[in-house]
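Count residues from 1 along the sequence.
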Amino acid sequence: MSNFEFISGGRELLDLVQPLWEKLNKHHEMNSKYFSDKYRNLKFEDRKNKFINDKNLKIKIDLIKEKEKDLYIGYCISSIDKDLIGEIDSLFVEMEYRNCGLGDKLMNRALEWLNINHAKTKIIGVAEGNENVLEFYKRYGFYKRRTILEQIN
């Protein structure tokens, strides 16, 4: 872990997340059987505006920087709404840095923040085609509660 620096903040870090978010979005596009077009047409600015425009939403962003390469290699965005519903909105670690415990570190930091801010409920949305992450989230006590279906036009 000594090769990595964790940077925490709020909305001011959103622009640093963009390249990593775009990789995650591309991953969803490539792995989604039914919704590839939605991901192909999803723009970071739209996602960013959700966080900027909702003033009732508390935001925490954790970034991981690989010190030697001076490169951001992972992030987690967490939020809490006015009803104290906490969400792990987005989490990503570059493929070559997976299995180093960085995803665990991001999850623990996010959950700690949600707890400190008294989130009553904690949720994570998992995209269709990305079900392989369910086992990772189970390690933190997250289980499938319901499945929401969306009609394709």
Side-chain angles (χ1 to χ4, degrees), residues 1-32 35 38-39 42-54 56-146 148:
M1 288 287 177
S2 61
N3 293 346
F4 305 108
E5 176 184 0
F6 286 81
I7 297 106
S8 292
R11 291 171 173 85
E12 73 280 358
L13 297 178
L14 280 167
D15 289 332
L16 296 174
V17 167
Q18 183 173 356
L20 296 168
W21 179 89
E22 288 173 346
K23 289 180 181 184
L24 176 60
N25 193 56
K26 189 66 165 172
H27 169 79
H28 290 318
E29 178 188 336
M30 301 303 291
N31 289 289
S32 178
F35 299 100
K38 285 193 180 261
Y39 294 107
L42 191 58
K43 303 295 178 230
F44 180 74
E45 282 302 312
D46 297 330
R47 188 79 166 118
K48 178 180 168 182
N49 286 336
K50 171 201 167 196
F51 296 116
I52 289 175
N53 294 333
D54 188 346
N56 293 315
L57 202 61
K58 289 184 186 177
I59 303 291
K60 179 180 194 259
I61 297 173
D62 281 309
L63 281 161
I64 305 171
K65 182 186 261 190
E66 207 277 10
K67 290 189 222 176
E68 216 171 272
K69 295 180 182 176
D70 193 33
L71 184 68
Y72 292 106
I73 53 110
Y75 77 93
C76 181
I77 300 175
S78 307
S79 65
I80 300 176
D81 70 13
K82 62 181 173 46
D83 297 319
L84 297 178
I85 307 233
E87 182 171 2
I88 309 290
D89 288 271
S90 189
L91 188 144
F92 177 80
V93 175
E94 290 276 15
M95 186 67 75
E96 66 197 78
Y97 295 96
R98 293 182 189 167
N99 298 315
C100 296
L102 297 171
D104 290 316
K105 190 82 167 158
L106 287 171
M107 279 297 292
N108 286 323
R109 291 167 73 97
L111 291 171
E112 179 183 352
W113 180 77
L114 293 174
N115 289 334
I116 287 169
N117 285 278
H118 310 289
K120 290 181 185 174
T121 304
K122 298 173 195 129
I123 61 172
I124 300 173
V126 175
E128 175 269 327
N130 200 33
E131 292 85 359
N132 62 324
V133 301
L134 293 175
E135 289 302 313
F136 172 77
Y137 292 129
K138 278 183 186 178
R139 296 191 330 227
Y140 300 94
F142 288 91
Y143 296 92
K144 202 183 317 182
R145 179 172 168 231
R146 65 179 168 248
I148 297 172

Measure the shortest side-chain to side-chain distance between [X] and [Y] over non-hydrogen atoms and say whether it is less than 4.5 angstrom.
X	Y	result
V17	R47	no
W113	K58	yes
F4	I73	yes
I77	L14	yes
R109	K60	yes

Original post:
Between the side chains of S79 and E87, does any donor sit under 3.5 Å from an acceptor?
Top reply: no
Original post:
Are a donor atom and an acceptor atom from the side chains of K122 and N115 found within less than 3.5 Å of each other?
Top reply: yes
Count the heavy atoms belonging to other residues, nucleotides or ligands that lie under 6.0 Å from [atom1] of [X], then report whether that count exceeds 12.
X	atom1	result
N53	CG	yes
K26	NZ	no
E68	CD	no
K38	NZ	no

For the backbone of [Y] and the side chain of [X], can you confirm whether one donor and one acceptor N or O come within less than 3.5 Å of each other?
X	Y	result
E131	G129	yes
D81	D83	yes
N49	E45	yes

If you look at every heavy atom in [X] and [Y], which pair is closest and at what distance?
X	Y	result
C76	I88	SG-CG2, 3.8 Å
V126	N130	CG1-O, 3.5 Å
K138	Y143	CG-CE2, 3.6 Å
S90	L24	OG-CD2, 3.5 Å
I52	R11	CA-NE, 3.9 Å
I80	A119	CD1-CB, 4.4 Å

Got a second to check how far [X]'s [atom1] is from [Y]'s [atom2], nearest 0.5 Å?
X	Y	atom1	atom2	answer
E5	I64	CD	CD1	11.0 Å
I61	L106	CD1	CG	12.0 Å
D70	K67	CG	NZ	11.5 Å
I123	T121	CD1	OG1	8.0 Å
L63	F6	CG	CZ	10.5 Å
R98	E96	CZ	CD	10.0 Å

Original post:
Stepwise, does the side chain to side chain contact (heavy atoms under 4.5 Å, CB included) test hold for L16 with Y75?
Top reply: CA-CA 9 Å; L16 296 174; Y75 77 93; over 6 Å; no
Original post:
Who passes salt bridge (charged side-chain N to carboxylate O under 4.0 Å, His left out) against E112, sequence neighbours left out?
Top reply: none
Please determine if [X] and [Y] form a salt bridge, counting it only when a charged side-chain N lies under 4.0 Å from a carboxylate O.
X	Y	value
R139	D104	yes
K48	D15	yes
E94	K69	no

Subject >> Partner of W21 by ring pair (Phe, Tyr, Trp, His ring centres under 6.0 Å), out of F44, F51, F92 >> reply: F44
Original post:
Taking the inter-plane angle between the rings of F142 and Y137 on a 0 to 90° scale, is it parallel (under 30°), tilted (30 to 60°) or perpendicular (over 60°)?
Top reply: perpendicular
